[in-house]
Amino acid sequence: MLNIRPYNNKEQLLFPPSIGDYLSKDHLANVIDEVVESIDLTPYYRKISSVGNPSYDPALEIKIWFYGYCVKTYSSRKIEERLDTDVAFIYLAGMQKPDFRTISDFRKNNLNELRNSFVDILQICHRLGLTKLGNISIDSKVMKANASADRTYNEKELIKEREEIQKAIEEYLQKANQTDEEEDKLYGPDKRGNELPENVRNKEERIKKMKQIAQQLKQAQEKLKQSGKKKINLTDSDAQFQKGTGKIIPGYRAEIAVDSKEQVIVANDVTNEQNDAPQLLPMVDKTLENVKALEPEKFSEDNQNKKPIKLPADAGYSSGKNLSELETAKYKDKIDPYIPDTNSQTKERGKGYDVSSPFHRSKFLYNEKENSFTCPCGKTLYYMGQYLSHDILYSVYRCRDCKSCQHFGKCTVNKNGRFIQISEHQHLIDKMRQKLSTPEGKKIYGKRKITVEPVFGNLSQNLGFREFLLRGVEKIKGEFSLMCSAHNLLKIARFLREQKMLLTQALAKHCTVAVPDG
């Protein structure tokens with residue numbers, strides 16, 4: 001007799017176990033089941049129609065979408081397949097099997113609600129003590145749109161395409177009419193045409209398709225004019241060319257704000273802007289809004305111990321306008337920014353712009369009475385006037401006697417002499433440089449890299465989310481919020497696994513043990 005365990009996968013059970021019994025208690029599916037059961041689903045239920053066939057329970061749909069994003073299953077078709085084969089999906093769906101269209105429509109029709117559920121999950125993270133809200137870093141990453149660069153056109157190219165498609169429609173109609181006349185001669189003019197349904201159908205569909213393309217080109221041309229952009233993508237008209245890692249792609253910028261304690265995402269957004277500076281204040285606003293939801297008393301008037309959030313951000317977010325705005329009463333007591341300007345690193349542009357050079361602008365002394373600068377060699381740079389660039393006022397100072405200086409060629413190679421241009425916000429830029437040069441400033445800004453960059457690494461490498469599947473900036477905002485929710489759900493799952501607790505047990509204990517934000 002063989003020394004093997006008894007095996008029969010066809011044996012019927014008198015008392016079938018719960019599907020969940022096949023999963024370990026700390027399995028991710030059980031965590032997601034608990035999380036969804038503990039958040040407010042009222043906004044989803046409000047949208048359910050009282051007539052027609054009964055809808056699937058939103059709790060079911062939310063669970064399978066959250067779990068799908070956590071296990072790199074972002075397609076509704078893939079989720080439908082997994083509902084037949086994967087125990088975790090089968091368990092979360094309660095053995096019900098919505099088709100892929102139903103699954104897809106739920107995500108499409110509830111993007112705003114899913115974005116709000118991100119805050120509910122964030123609330124759970126905070127109650128578990130996974131966030132401290134003392135140091136929150138902001139960063140972005142270029143992500144590819146669901147669009148090809150070949151489908152991007154400027155206005156002239158759109159006009160040319162419309163003319164060519166219109167010409168093709170006219171030629172095809174002419175050819176189709178000629179074919180109809182030949183068929184009339186062959187079959188008789190009194191025939192209804194039912195004898196050749198396939199040919200008739202092909203003609204109608206082809207003409208319809210070409211007219212749809214012409215209409216799409218017209219709409220794209222109108223949208224291009226309204227947007228003020230130079231180019232538009234026909235597949236995803238909201239996508240813009242973005243400079244990614246080593247190449248330029250049609251895409252978006254994914255923005256995140258991450259708490260330094262456990263790398264929990266506190267706020268997220270997506271933009272089609274081609275630089276980060278305009279997104280700083282909107283991201284700060286989202287961060288403050290979510291922090292207020294987590295700790296309403298943090299910035300209340302009655303709080304005598306309120307401390308501003310230390311906020312490191314990449315140099316791409318720096319601008320005089322942003323620094324000026326962060327000095328206003330709206331942000332002053334809430335945000336303590338650490339944002340280097342692009343020229344505060346090792347070198348600035350060209351000769352004489354090395355920060356450590358004796359000819360760096362910081363070595364030039366300002367004479368307020370005469371409104372002039374004195375260079376390290378004692379020569380005077382006189383005020384020449386002002387100019388406006390991108391709504392920022394610059395003052396220009398130039399030396400008239402550079403060629404006689406022994407350092408000409410080292411300080412500047414400009415034949416008209418060394419000049420300095422000072423932004424109206426220069427004092428704030430200098431103040432930030434000084435702040436970042438202190439040991440404390442270096443320490444705080446240094447945390448940005450180990451706080452926010454690993455999160456993007458997790459999203460793209462571990463979770464495989466490298467490009468968007470949906471199209472249009474509003475849909476993509478919802479899609480990225482789902483992705484960020486998945487990241488935070490995995491943080492919750494890991495915490496519960498380490499604590500060997502269920503979510504309800506952990507929340508009951510109010511696990512918010514204070515841990516130094518180091």
Side-chain angles (χ1 to χ4, degrees), residues 35 38-39 115-140 255-269 279-314 317 322 326 329-339 435 440-441 443-456 458 481 484-492 494-496 498-499 503 506-507 509-518:
V35 168
S38 66
I39 64 177
R115 287 165 69 181
N116 292 333
S117 292
F118 166 84
V119 181
D120 293 333
I121 294 169
L122 178 60
Q123 185 77 255
I124 293 173
C125 289
H126 188 61
R127 288 179 62 189
L128 293 175
L130 298 177
T131 56
K132 190 174 176 66
L133 308 179
N135 186 311
I136 298 175
S137 298
I138 291 178
D139 205 355
S140 73
E255 312 272 345
I256 54 175
V258 182
D259 186 85
S260 66
K261 187 181 177 188
E262 295 291 343
Q263 298 174 342
V264 168
I265 300 174
V266 177
N268 68 83
D269 201 5
Q279 304 312 310
L280 178 68
L281 297 179
M283 279 301 293
V284 169
D285 289 339
K286 286 178 181 293
T287 300
L288 290 175
E289 181 182 349
N290 290 350
V291 167
K292 187 176 180 180
L294 302 182
E295 290 188 3
E297 73 286 352
K298 190 172 181 68
F299 300 115
S300 68
E301 295 297 329
D302 299 332
N303 187 353
Q304 301 299 319
N305 299 317
K306 56 186 177 182
K307 295 180 180 179
I309 297 170
K310 292 178 173 60
L311 191 135
D314 183 73
Y317 291 94
N322 283 343
L326 291 173
K330 180 180 178 181
Y331 301 106
K332 184 70 174 176
D333 297 327
K334 299 176 182 177
I335 295 295
D336 180 15
Y338 293 80
I339 312 171
K435 181 179 177 181
E440 179 69 8
K443 179 183 177 182
I444 292 171
Y445 183 71
K447 294 184 73 170
R448 183 197 66 83
K449 197 168 188 177
I450 60 174
T451 296
V452 70
E453 292 185 9
V455 175
F456 276 124
N458 179 55
S481 185
C484 293
S485 292
H487 172 87
N488 288 350
L489 283 166
L490 291 169
K491 292 289 182 182
I492 294 172
R494 187 180 71 175
F495 174 81
L496 296 176
E498 291 172 351
Q499 298 294 316
L503 178 63
L507 290 176
K509 282 190 69 175
H510 299 288
C511 298
T512 53
V513 180
V515 177
D517 190 22

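Since the structure is predicted, the reported quantities are computational estimates derived from the model, not experimental observations.
Under the 3.5 Å distance criterion, the side-chain polar atoms of K261 are matched with a main-chain donor or acceptor of G129. The closest donor-acceptor contact from the side chain of K491 to the backbone of E262 lies under 3.5 Å. Looking only at distances, no side-chain donor or acceptor of N268 sits under 3.5 Å from a matching main-chain atom of I256. In this structure, the side chain of D336 does not engage the main chain of P308 through any donor-acceptor pair within 3.5 Å. Using a distance-only test at 3.5 Å, with no hydrogens or angles considered, a donor-acceptor pair links the side chain of N322 to the main chain of Y317. The closest donor-acceptor contact from the side chain of N290 to the backbone of V119 lies at 3.5 Å or more, if one exists at all. Not a single donor-acceptor pair under 3.5 Å links the side chain of K447 to the backbone N or O of P312.
Using a cut-off of 4.0 Å between Lys/Arg side-chain N and Asp/Glu carboxylate O, D139 and R448 are scored as salt-bridged. Salt bridge absent: K286 and E255 never bring a charged side-chain N and a carboxylate O closer than 4.0 Å.
Taking each heavy atom of I265 and F118 in turn, the nearest pair found is O-CZ, 3.3 Å. Nearest heavy-atom pair, K330 versus K334, reported as atom, atom and distance to 0.1 Å: O-CD, 3.6 Å. Here the shortest heavy-atom pairing between I339 and D314 reads CG2-O, 3.7 Å. Annotation for T287 and A267: closest pair OG1-CB, 3.8 Å, computed over non-hydrogen atoms. For the residue pair Y338 and Y445, the shortest heavy atom distance occurs at O-CD1, 3.4 Å. In terms of heavy-atom proximity, D259 sits nearest to T451 at O-CG2, 3.7 Å.
Within the model, atoms CG of L288 and OH of Y331 stand 7.5 Å from one another, a figure rounded to the nearest 0.5 Å. One finds the NZ atom of K509 at 12.0 Å from the CG atom of L507 (value rounded to the nearest 0.5 Å). A distance of 9.5 Å separates OG in S485 from CD1 in I492, rounded to the nearest 0.5 Å. Atom CZ of F495 and atom CD1 of I124 lie 12.5 Å apart (nearest 0.5 Å). In this structure, CG in L311 is found 8.0 Å from CG in L326, a value given to the nearest 0.5 Å. S137 contributes atom OG, which lies 9.0 Å from atom CD1 of I450 (distance to the nearest 0.5 angstrom).
Side chains of L128 and L503 form a contact here, defined as non-hydrogen atoms less than 4.5 Å apart.
If you run side chain to side chain donor-acceptor pair (under 3.5 Å) between N458 and each of H487, E453, Q263, only H487 comes through. Exactly one residue among V264, I136, V258 makes a side-chain contact (heavy atoms from CB on, under 4.5 Å) with T131. That residue is V264.
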Problem - Residue pair L133, H126: steps toward the side-chain contact (heavy atoms from CB on, under 4.5 Å) verdict - result: CA-CA 9 Å; L133 308 179; H126 188 61; 3.6 Å; yes
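Counted within 6.0 Å of NZ on K306, heavy atoms from surrounding residues, nucleotides or ligands total more than 12; the atom is thus considered enclosed.
For A486, the side chain to side chain contact (heavy atoms under 4.5 Å, CB included) partners at least two apart in sequence or on another chain are Y69, C70, M483.
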